[in-house]
Amino acid sequence: MDTDSNKQNFIGTSETQLRERFTNWKPYRIHQIFNWVYHYGCRDFSKMTNLSKTMRAQLNDHFYFSTPRVENKTHSQDGSIKYLLKLDDGALIESVWMPSDSRKTLCISTQVGCRLNCSFCLTASLGLKRNLTAAEIIGQCMAINEDLSQDEAITNVVFMGMGEPLDNLGPVVDALRLMTAPEAMRMSTRKVTVSTSGLVDKINEFQKENIHINLAISLNATDDQTRDRLMPINKKYPIKALMDCLKNYPLKPQRRHTIEYVLLEGINDSIDDARRLAKWLKGIPCKINLIPFNSFTRSEYRPPADKKTLKFQDYLIGQNFSAFIRQNRATDILGACGQLAAESQKTSCV
Ligand code: SF4
């Protein structure tokens, strides 16, 4: 990797940036380069044989290639692999690859740490160190795909790792455009999901970008007092403001939002909660994922008993919602968001 300070990482560079740099190049030329890099995995401009020698030299003068490096990987009994990735400045992030019969999903990070301080989340304990660049966001998919076999290649991506994606909106949008562009990574917008804790202003900004990926809202409570405690961002964007925003969000036909609801014993798992949840979500096209909490050592929270989780689900189904119980993956290898990076930092600090 040549990281000459005058050069820019090609990974993550947008089509607009390339057109601005090479103003006399035809658009199809830029698509050809994207195709080499994102489809054929080429990391050497001199091998892009359908470009002229001059173009190849110009690319080489301005760009280098860098993706996150796999620092460590841990295999879970459920088949998932948790990757600890090192960035160029030495910062550590994590991504989790989760196979199922029909798909291979990668959960990626958008920030080093997070500043939103949700009380059930270990990433919050890191604070926000910095935002990831578009290169570091899509670079997670590229680095991990290179580590996997062809049969294991990533089919779906969820932005649910470390960080609040919409708190790093510009690079996330750039990464999404490259991920879903037919000349770049070619992922279907149906197979990409961005999760948010509910930054209403940013959701409104995001919808103007016209990228029709799936949105998952991490709700986790049905009254403001409880949500303020679990997710302090609720003080700025209370539940009603968030629900109004979702009601006005223009969805494509046959699409719906995902509502993520982490179940915490004695906090948000009662039938009254289920009742309030159904009331809030009335009129919002959505499916509900119920996620029994994945407890970690220093947490004050516990998951509810299975019976209680099933009762909560039954109530929602009785109200005609699609409600699913999602078990956390990779729990035997520190599977919850932020756990691996937080443990690594703890290790390096002592
Ligand atoms: S749950 Fe998400 S938004 Fe909340 S602190 Fe953790 S990473 Fe940040």
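Below, all heavy atoms of this structure are taken into account, side chains as well, without hydrogens, waters or symmetry copies. In listed order, ligands and their atoms are each counted from 1.
Atoms of ligand 1 found under 4.0 Å from any heavy atom of Cys121, numbered from 1 in the order shown, are 1 (S), 5 (S), 6 (Fe), 7 (S). The distance from ligand 1 to the heavy atoms of Cys114 drops below 4.0 Å at these ligand atoms: 3 (S), 5 (S), 7 (S), 8 (Fe). Close contacts between ligand 1 and Ala124 involve ligand atoms 5 (S) [criterion: under 4.0 Å to a heavy atom].
By heavy-atom distance, the residue among Gly198, Gly127, Pro165, Gly163 lying nearest atom 7 (S) of ligand 1 is Gly163.
Note: the hydrophobic cluster containing Leu128 does not contain Ile108 (ILVMFWY, side chain heavy atoms under 4.5 Å, direct or indirect links).
Partners of Tyr40 according to the ring-ring contact (aromatic ring centres under 6.0 Å, His included) rule, which considers only residues two or more places apart in sequence or in another chain, are Trp36.
Looking only at side-chain heavy atoms (C-beta outward), Leu316 and Leu290 come within less than 4.5 Å of each other.
Under the ring-ring contact (aromatic ring centres under 6.0 Å, His included) criterion, no residue pair touches residues 123-164, with sequence neighbours excluded.
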